[in-house]
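Structure, as structure tokens:
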Amino acid sequence: MIRKIGVFSVSLLCLAATLSCEKDFNDVGSSVVNNTKFETGEILLDVEIEKIDISDSNTNDIYKAVRADNIGINTLAEYWLGIYKTDNYKTIESSFVSQLSLPTSLKTTDKTPAAEDGDIDSVFVLDKVILKLPYKATNTGTESDGKPIFRLDSVLGNTNIGTPLKVFRNYTYLNTLDPNNPASSNSFQSDFDYQVNDPIIDLLNENSAFTFKPSPKDTMFILTRNISNGNTYQDTLKLPTKAPFLTIPLDMAKMKSLFWDKFENDEFKTIDAFVSYFRGVIVKSEGTDGSIVPFNIIGDATSASVDFHYTITTFQKEEGQSALVLKDTLPNTYTFPLSGIRNSIYKMTAPTTATPANNFTVQGTAGTMARIKILDDTKLQDLRDQNLLVNDASLSFYINQNINTDKNIVPQKLFLYQEKKNSSNNISPTHISDAYVEALTFGGELESIDDTDTPEKYTFRITDYITNLLNIEDNVTIDPLVLKVFNPTDTPTVNPLVSTYNWNPRGVTLLDGDETANGTKRAVLKISYSKEK
């Protein structure tokens, strides 16, 4: 629903200052003015705000989902996993899908068994298959015994509630090229429906539910190693950095059949054959509440991977002996890094608490955005007729501090772009000029009240954008602006279009432009100007 926020009002607030110099009144930019005698003041322009709900029910295709693959950008900065429930925002059930890369020199038998050389034999025993997911963590010091202390980065939600997880074999072929137009790059949306086997059988241990609670103390995994004579011993697995990681045990029988028993078959001879045979894993969160956390998935052996831990028992015939005797046990691992094409999957559920009147929400991932209308043709022409010189134009959005009390939970930055329409009347999200002309002062960062953790507002300086509108004499279509949670892919490049990626799950509630309800904290465009006397 579109809410009309107030009526057009022009308030000349600061007409007292009078300056003079020897040069004529002229515009030399958006910040510096040289002129003779002029007066300065401020104009406050009320705005209209319309909610943009990113969902399948949206009538505009561009707002049905967000792009969430790594095609074209190599890697997403964060892959979130888990459940994030907040009453005022959509509940996020975040999962991901990823191809695997292929290690070299796979084998499960000795190439020169004792039957051939009579001296040595090696027996391979598969011990455990796990999906390893390193947390994004920061080392904050060391304990008294020298062990490092870590803090998990960006954990959101209730960590006391376990999040159920399942791991599926993906049956959708993940292609970098568009199957309908091989000359174009492919893309995957956050709501893409991936194929799994029918009947659905996950790769976790049968008859056992797996849940996880993110913990910075999960820095090791105890593994039982198997010697071929039936004996066992305990081994401890750690990351090279000793950082925390999540381990998800996979079904030994299934992974042995799918992988281990086929290592020397054609399916594992080349990467093309492998990704065609095994098209990746889907790591799926399930539930209604819990916590959500980002993981490192960067495509190498130190990152997320499917690991086959096995033990080689070596037997050797000693001189003068007729039988082979145990010589050594060698623990080993075949690592299949999560690599290639990867995509985040967001399942969104409506908030349980309605947004308060005269407020609106902005939430990342496939949450919500806001369409901001600050000028229409009448307002624009009225400003032109006054022959104003724009010194500064800022658009501020104040936070509802009854809902958002912690600055660490809300988005640390918002972003503003222009909702242009192309020749086909389709929306083309486009950078406004200030985002790249005045990038250092464009703004959007979270501002907090001094000496407190209370979040206060977000402010954008759009001086160049407003100046350009005033300088255009002919009729011009004033496209609305769109406010969204900032994503690193929003940073302007040579491409004027704004990407539809978003992997930031945070949300914030903002005060709209209703003057009666929100007073001086209402959403408003403030134009500081100079005007010839």
Side-chain angles (χ1 to χ4, degrees), residues 4-49 372-398 416 418 432-445 447 456-481 483 511-533:
K4 183 69 167 58
I5 308 301
V7 296
F8 174 60
S9 62
V10 178
S11 307
L12 301 182
L13 304 178
C14 307
L15 301 181
T18 302
L19 301 174
S20 64
C21 76
E22 297 178 355
K23 294 186 179 180
D24 292 334
F25 181 77
N26 63 89
D27 183 3
V28 295
S30 60
S31 300
V32 181
V33 179
N34 293 319
N35 47 60
T36 56
K37 296 180 180 180
F38 63 91
E39 61 187 20
T40 62
E42 288 181 350
I43 296 175
L44 301 182
L45 299 181
D46 296 331
V47 300
E48 293 181 6
I49 298 174
I372 312 296
K373 297 181 180 179
I374 58 176
L375 288 172
D376 59 23
D377 292 338
T378 303
K379 296 178 184 179
L380 182 60
Q381 191 57 50
D382 185 44
L383 293 175
R384 287 185 182 132
D385 292 342
Q386 295 184 59
N387 194 28
L388 302 180
L389 175 65
V390 177
N391 298 330
D392 185 79
S394 61
L395 186 59
S396 296
F397 301 96
Y398 282 83
L416 199 66
Q418 198 168 359
I432 61 175
S433 55
D434 294 89
Y436 50 87
V437 173
E438 303 288 349
L440 294 180
T441 58
F442 180 51
E445 289 83 6
E447 300 176 40
E456 183 181 23
K457 64 179 179 178
Y458 304 88
T459 298
F460 295 90
R461 294 185 71 237
I462 55 174
T463 311
D464 193 69
Y465 168 75
I466 296 297
T467 300
N468 289 339
L469 287 179
L470 293 181
N471 287 341
I472 299 174
E473 297 298 335
D474 299 331
N475 292 332
V476 59
T477 300
I478 305 174
D479 298 305
L481 302 178
L483 183 68
L511 307 181
D512 68 16
D514 189 291
E515 184 175 6
T516 302
N518 298 323
T520 59
K521 291 188 175 182
R522 71 188 188 277
V524 68
L525 172 66
K526 181 173 71 173
I527 299 177
S528 300
Y529 68 88
S530 297
K531 182 178 180 181
E532 188 175 16
K533 279 193 170 182

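No experiment lies behind these values; they were computed from the predicted model shown. The figures here come from the full heavy-atom set of this structure, side chains too, leaving out hydrogens, waters and symmetry mates.
The backbone N or O of Tyr529 sits nowhere less than 3.5 Å from a side-chain atom of Asp392 that would complete a donor-acceptor pair. Side chain of Arg384 to backbone of Leu469: a donor-acceptor contact under 3.5 angstrom is found. Under a 3.5 Å cut-off, the side chain of Asn518 and the backbone N or O of Asp512 do form a donor-acceptor pair.
Between the side chains of Ser433 and Asp464, at least one donor N or O lies within less than 3.5 Å of an accepting N or O.
Side-chain atoms of Ile432 and Phe442, non-hydrogen and from C-beta on, do get closer than 4.5 Å to each other. Contact check for Ile466 versus Leu375: side-chain heavy atoms found under the 4.5 Å cut-off. Leu470 places none of its side-chain heavy atoms less than 4.5 Å from the side chain of Asn468. Side-chain atoms of Leu389 and Thr467, non-hydrogen and from C-beta on, never get closer than 4.5 Å to each other. When side chains are defined from C-beta on, Tyr458 does not count as touching Tyr398, because their heavy atoms never get closer than 4.5 Å. Taking the side chain as every heavy atom from C-beta outward, Phe460 and Leu481 never approach each other to under 4.5 Å.
To the nearest 0.5 Å, atoms OG (Ser528) and CG (Asn391) are separated by 7.0 Å. One distance of note links NZ of Lys373 with NZ of Lys379; it measures 10.5 Å at 0.5 Å rounding. Interatomic distance, Leu525 CG to Asp46 CG, rounded to the nearest 0.5 Å: 10.0 Å. Asp434 CG to Leu416 CG: the interatomic distance, rounded to the nearest 0.5 Å, is 9.5 Å.
Under the side chain to side chain contact (heavy atoms under 4.5 Å, CB included) criterion, Thr459 pairs with Ser394, Ser396, Glu447, Lys457, sequence neighbours left out. Partners of Asp376 by salt bridge (Lys or Arg N to Asp or Glu O under 4.0 Å), not counting sequence neighbours: none found.
The shortest heavy-atom contact between Lys531 and Leu388 is CD-CD2, 3.8 Å. Of all heavy-atom pairs between Thr441 and Arg461, the closest is OG1-NH1, 3.2 Å. Smallest separation of non-hydrogen atoms from Ala393 and Thr463: N-OG1, 3.0 Å. The shortest non-hydrogen separation linking Ile49 to Gly513 is CD1-N, 4.2 Å. Here the closest non-hydrogen pair linking Ala523 and Val47 is O-CG2, 3.6 Å.
In summary, of the residues considered (Ile527, Leu380, Val524, Ile462), a side-chain contact (heavy atoms from CB on, under 4.5 Å) with Ile374 occurs for Ile462 alone.
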### Task
Show your reasoning for whether side-chain contact (heavy atoms from CB on, under 4.5 Å) applies to Leu511 and Phe397.
CA-CA 7 Å; Leu511 307 181; Phe397 301 96; over 6 Å; no
